[in-house]
Visitor: 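Structure in structure tokens, see below.
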Amino acid sequence: MKKLNSIASILILIILSACAERSFKTLYPTLSDGRYDSEFPYRNCSKQLNEISKSIHKIDCLVFYKTYLFKETEQILKTDLVNKKTFNNAVQGEVVTKSVIGTATTIYYDHERVAVLSCAHVVNFKDTVISYFPSKNSDQIFIQSVAIKSRQQNIVAGLPSFGSLEILAMDEENDIAILGKKIEYQDKIIPVFKYPSGKSEELEWGSFVYVMGYPMGFQMITKGIISSPNRVKNGSILIDAVFNRGFSGGLVLAIKDGVPNFELVGMARSASATIEEVFSPGNREKNKIRNSNIPYTDPIYLKPKENINYGITYAVPIESIQAFYLKHQKELKKEGYQLNYFFKI
């Protein structure tokens, strides 16, 4: 009797399992179609996202410029700057600093070298910045000031005291940069992004993606859906994800046939924005609040103001990143950076 009951129990379990499988396939019929998912993940993926987050860091770029001021009566032209004597009569101004925050992903670590991937505009600063006196004669535009870059620091938070990273390779047009540094041997384990690269050209209308980065310096993750896939030849990605300053360099992750099948399909680069001119006080001290009951009498300047159009985010497709690596593969290998694993080449 007990044997019959055991057989009956096994049969019931087989029937229930078959019903559950049929129900699962009915509820999620597209999970094994070989295409990127367009629905919200059907199961918890916090474990995978937490793992990915450990390879994504905030990058702080700080640049120092020495400034030189000229009088209009000196009539300094751009061609005069090649002569070092031109700066003898200049008034040396204050050291000016510029800072940008962004997102960088660890793509290589061998205990003696480390490399990260980010956007070029986060770390790309001009060596010389020139401003001119107003003039109606385009042939005679005299220089008002010159700012010369003296130092740049690219600090990636979360990397143990590695100091400033160098730009190993950069593509301004496609907005891609790889930074790295040789270090003394480290016993510490540094997480490297290890999920496979996908194909952004296979993204479709409504494909679901995660975007992870450091907007305003806070590590955050947001979700979005793809619009206008392959709208341009290089497969530039358009996402409805909310973008803010610091998100540049953040990873765009798609899911193929359900969790945990994450694939890297791109890198967030910018948001749609509009520029307007606004009146602004000059040389205001940071964090100083003025008394609104007292009339403002200091100089007022007309300055450009950038307004982000939230919900329109542009991303560099993974194919462009791979092509960028292949272009610089030899020089990176020569420096000891073996990145084939990350790019799956």
Side-chain angles (χ1 to χ4, degrees), residues 21-49 51-53 56 103 105 107 117 119 171 173-176 193-213 215 220-244 247-273 308-326 342-345:
E21 186 177 352
R22 283 197 298 271
S23 299
F24 184 84
K25 288 181 177 179
T26 301
L27 289 171
Y28 308 106
T30 62
L31 287 180
S32 298
D33 59 3
R35 297 159 67 185
Y36 287 115
D37 299 350
S38 60
E39 63 279 334
F40 195 85
Y42 71 93
R43 56 173 286 192
N44 190 297
C45 57
S46 296
K47 179 182 177 181
Q48 290 77 25
L49 293 173
E51 183 181 31
I52 293 170
S53 71
I56 300 176
T103 302
T105 301
I107 60 174
L117 173 71
C119 282
D171 182 341
E173 182 179 354
N174 290 301
D175 206 1
I176 308 167
F193 183 84
K194 66 177 185 180
Y195 283 80
S197 298
K199 295 181 179 180
S200 68
E201 59 189 19
E202 292 182 2
L203 294 169
E204 303 174 276
W205 279 96
S207 292
F208 179 89
V209 294
Y210 282 113
V211 185
M212 186 179 290
M220 296 186 70
I221 185 169
T222 188
K223 63 183 183 297
I225 60 173
I226 299 296
S227 297
S228 300
N230 300 307
R231 61 195 183 91
V232 293
K233 289 183 179 180
N234 69 348
S236 179
I237 307 171
L238 183 63
I239 315 170
D240 73 340
V242 177
F243 187 98
N244 219 316
F247 231 145
S248 298
L251 298 188
V252 181
L253 304 159
I255 304 172
K256 181 176 286 186
D257 294 339
V259 176
N261 302 316
F262 283 93
E263 292 185 0
L264 176 62
V265 294
M267 180 174 65
R269 65 183 297 186
S270 63
S272 171
I308 297 177
N309 298 322
Y310 296 100
I312 305 176
T313 296
Y314 303 103
V316 183
I318 185 61
E319 289 84 354
S320 295
I321 299 173
Q322 290 171 331
F324 162 76
Y325 169 63
L326 288 174
F342 173 77
F343 289 99
K344 303 299 182 290
I345 296 173

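Bear in mind that the values here come from a model prediction, so they are computed numbers and not experimental data.
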Visitor: Under a 4.5 Å cut-off applied to non-hydrogen side-chain atoms, are Val259 and Gln48 in contact?
Guide: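 A side-chain contact under 4.5 Å exists here.
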Visitor: If only atom types and distance count, is the side chain of Ser248 paired as donor or acceptor with the main-chain N or O of Arg269 below 3.5 Å?
Guide: yes
Visitor: Do Glu202 and Arg35 meet the salt-bridge criterion of a basic N to acidic O distance under 4.0 Å?
Guide: no
Visitor: Is the backbone of Ala254 close enough, under 3.5 Å, to the side chain of Asp37 for a donor and an acceptor to pair up by distance?
Guide: no
Visitor: If you look at every heavy atom in Leu264 and Leu251, which pair is closest and at what distance?
Guide: CD1-CD2, 3.8 Å
Visitor: Grab the two heavy atoms, one from Ser200 and one from Pro317, that are nearest each other, plus how far apart they are.
Guide: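 Between these two residues, the closest heavy atoms are OG-CB, 3.2 Å.
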Visitor: Kindly determine whether Leu203 and Val265 satisfy side chain to side chain contact (heavy atoms under 4.5 Å, CB included), including the steps that lead there.
Guide: CA-CA 9 Å; Leu203 294 169; Val265 294; 4.2 Å; yes
Visitor: Provide the closest heavy-atom pair for Asn174 versus Ser320 in the form atom of the first, atom of the second, distance.
Guide: OD1-OG, 4.5 Å
Visitor: Under 6.0 Å from the ring centre and within 45 degrees of the ring axis: does the NZ or CZ of Lys223 meet both conditions for the six-membered ring of Tyr210?
Guide: no
Visitor: Examine Tyr36 together with Phe208 and report whether their ring centres are nearer than 6.0 Å.
Guide: no
Visitor: Which residues satisfy the salt bridge (charged side-chain N to carboxylate O under 4.0 Å, His left out) test with Lys194, sequence neighbours excluded?
Guide: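 Here the qualifying residues are Glu51.
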Visitor: Has Asp171 got a side-chain atom pairing as donor or acceptor with Ile176's backbone, closer than 3.5 angstrom?
Guide: no
Visitor: How close do Val316 and Asp175 get, heavy atom to heavy atom, and via which atoms?
Guide: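 Val316 and Asp175 have their closest heavy atoms at CG2-O, 4.2 Å.
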Visitor: Does any non-hydrogen side-chain atom of Val211 lie less than 4.5 Å from one of Phe243?
Guide: no
Visitor: Sub-3.5 Å donor-acceptor pair from the side chain of Asn244 to the main-chain atoms of Pro215, do we have one?
Guide: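 No.
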Visitor: Hey, are the side chains of Leu253 and Tyr195 touching, using non-hydrogen atoms and a 4.5 Å cut-off?
Guide: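 No; the side chains remain at least 4.5 Å from each other.
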Visitor: Answer whether the closest heavy-atom distance between the side chains of Tyr325 and Ile107 falls below 4.5 Å.
Guide: no
Visitor: Using side chain to side chain contact (heavy atoms under 4.5 Å, CB included), reason through Ser53 and Met212 one step at a time and then give a plain yes or no.
Guide: CA-CA 8 Å; Ser53 71; Met212 186 179 290; 3.7 Å; yes
Visitor: Donor-acceptor pair, distance only, cut-off 3.5 Å: does the side chain of Thr313 make one with the backbone of Ala241?
Guide: yes
Visitor: Have a look at Ile239 and tell me which of Ile312, Thr222, Val252 forms a side chain to side chain contact (heavy atoms under 4.5 Å, CB included) with it.
Guide: Val252
Visitor: Side chain to side chain contact (heavy atoms under 4.5 Å, CB included) for Ser38 and Trp205? Distances and angles first, verdict last.
Guide: CA-CA 8 Å; Ser38 60; Trp205 279 96; over 6 Å; no
Visitor: With side chains defined as the heavy atoms from C-beta onward, is the minimum distance between Ile56 and Thr103 less than 4.5 Å?
Guide: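 Heavy-atom side-chain distance check passes, below 4.5 Å.
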Visitor: What distance do Glu319 atom CD and Glu201 atom CD have between them, rounded to the nearest 0.5 Å?
Guide: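 The distance works out to 5.0 Å.
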Visitor: Taking Asn261 for the side chain and Lys256 for the main chain, is one N or O donor matched with an acceptor at less than 3.5 Å?
Guide: yes
Visitor: Taking it one step at a time, do Glu204 and Ile226 satisfy side chain to side chain contact (heavy atoms under 4.5 Å, CB included)?
Guide: CA-CA 7 Å; Glu204 303 174 276; Ile226 299 296; over 6 Å; no
Visitor: Would you kindly say whether Ser197 and Glu263 are connected by a side-chain donor-acceptor distance under 3.5 Å?
Guide: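 Short answer, no.
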Visitor: Between Phe247 and Ser270, is any pair of side-chain heavy atoms under 4.5 Å apart?
Guide: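 In short, these two side chains do not touch, never coming nearer than 4.5 Å.
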